[in-house]
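To keep things clear, I will list the structure first and then write my remarks on it.
In listed order, ligands and their atoms are each counted from 1. As the structure is a computational prediction, the values presented were derived from the model and not from experiment.
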Amino acid sequence: MTALEPDPRHRFSFGLWTVGNRGADPFGGPTRPALDPAEIVRQLGALGVWGVSLHDDDLIPPDATRSERDAIVTRFRRALDDTGMVVSMATQNLFSHPAFKDGAFTSNTPEVRRLAIAKTMRAIELGVELGAEIQVFWGGREGTEVLAAKPPMDALRRYREALDFLCGFVRDRGYATRFALEPKPNEPRGDMFLPTVGHALAFIQTLEHPEMVGVNPEAAHETMVGLSFYHAVAQAIEAGKLFHIDLNAQRIGRYDQDFRFGAQDLMEAFFLVGLLEESGYDGPRHFDARPYRVERGRGVWEFATGCMRSYLALADKASRMREDTEILAALEAAGTPGLAEPTVGPYSRAAADTLLATRFDPDALGERGYHNDRLDQLVVELLLGLR
Ligand code: GLT
Ligand code: MN
Ligand code: MN
């Protein structure tokens, strides 16, 4: 395998809805024909992709009979077996049908909330049947534009109730499925519940089975509100909660752009890839991105290849950075290794007394320069191919 050639060992995966995206936006209809899911699997398999992810409705039309469903699953399974691809993640569409316009798990209508839970149980069963180990929860309609209409504490309680119930379902069935919550600040709702990775991490600790639930951070979603995706993912890893990831690219302050991975902010993408590669994260490298609306035919597969090539190129740069002696010296000058040293260790009365008795010299400490500009410039030059 050459450095930039995708290989199943890289664990790249794509949602059926990504390469299958038809290019519609709020101002114009589709610009591309629909692609058959089995065909998507074959095309991706030929590009060296390892897995696909899917919503229940991406594969099975919501009005399919049981026998139609089974025939679709059998045909899809055959495409997976022929290509050696896996289903790396499954999820449920709780955002398209008008029934969910006021929310799914947080709809004001109890019957809608029950429908959402029932639909999710079926989606979990589908995921298990196809071998998915992760079930993603993106609360597309969980939010509101009208603060008066939906008290947020009630909404969070209903969200928790749904997730606790669904964890109970997975345990009762003896499935190994783990859940990954995907935060998003807004779009399509004015304000969405669990808007960032930080909100989701805190919420998970309030669940009945927090060990079954982690996060699925998406680059575009954290970036929309100007947060560092690199930092969000690091915090999730540090908490043992990075169960899955949605890779794409985004400019700050825009609508959810879902651009090809690497298309924006290469510096952030570079540190993200280094983090994923060096942290021991062994989950899917999953792309939730879309070809530009102007793409057709071959352009869609060029888009997919581009996501993977950028990832591999950045992984290569990350390993070069670790061996670059000038960069290592600049890291020393910045004091970076010092951050890995414990500060005071665990509390003891003696340690507190020692610290209180220490004479610090803040003025001397304030005289240190950290040479961050030089370090940063070296990294820029590494990314520009100058080193
Ligand atoms: C939708 C959304 C994505 C989610 C998908 C999973 S669906 O395309 O924009 O961010 O990850 O539900
Ligand atoms: Mn996503
Ligand atoms: Mn997105």
Among the N/O/S atoms of Asp288, which is closest to the Mn ion (ligand 2)? Give the atom name. OD2

Starting from atom 3 (C) of ligand 1, locate the nearest protein heavy atom and write down its residue, its atom name and how far away it is, to 0.1 Å. Asp288 OD2, 3.0 Å

Give the atom numbers and elements of ligand 1 that come within less than 4.0 Å of a heavy atom of Asp246. 11 (O)

Taking all atoms of both residues into account, what is the closest heavy-atom pair of Ala180 and Ile134, and its distance? CB-CG2, 4.0 Å

Does ligand 1 have any atom that is closer than 4.0 Å to a heavy atom of Val136? no

Where the Mn ion (ligand 2) is the vertex, angle from Glu182 OE2 to Glu218 OE1 to 10°: 90°

Only heavy atoms of His221, strictly under 4.0 Å: list the atoms of ligand 1 that pass. 10 (O)

Identify, by atom number and element, the atoms of ligand 1 in contact range of His55, meaning under 4.0 Å from any of its heavy atoms. 5 (C), 6 (C), 7 (S), 12 (O)

Just wondering, is there an N, O or S atom on Asp258 that's nearer than 2.8 Å to the Mn ion (ligand 2)? no

Name the residue from Val136, Thr223, Asp256, Val197 that meets the side chain to side chain contact (heavy atoms under 4.5 Å, CB included) definition with Glu218. Asp256

Just say parallel, tilted or perpendicular for the rings of Tyr292 and Phe259, cut-offs at 30° and 60°. perpendicular

Please determine if the Mn ion (ligand 3) has an N/O/S atom from Asp256 lying under 2.8 Å away. yes

Is it true that Arg114 and Glu111 have a side-chain N and a carboxylate O under 4.0 angstrom from each other? yes

Would Asn216 count as a polar contact of ligand 1, with the cut-off being nitrogen or oxygen pairs under 3.5 Å? no

Answer key: the N, O or S atom of Asp246 nearest to the Mn ion (ligand 2) is OD2

Do Glu39 and Arg42 meet the salt-bridge criterion of a basic N to acidic O distance under 4.0 Å? no

Can you tell whether the side chains of Arg387 and Glu326 come within less than 4.0 Å, N to carboxylate O? yes

Closest approach of Glu187 and Trp138, non-hydrogen atoms and distance? O-CZ2, 4.1 Å

Can you figure out which of His244, Glu182, Arg290 has its heavy atom closest to atom 10 (O) of ligand 1? Glu182

Would you call the rings of Trp17 and His286 parallel, tilted or perpendicular, taking 30° and 60° as the class edges? tilted

Is it true that Tyr311 and Phe12 have ring centroids separated by less than 6.0 Å? yes

Tell me the protein heavy atom at minimum distance from atom 1 (C) of ligand 1, and give that distance in Å. Trp138 CZ3, 3.7 Å

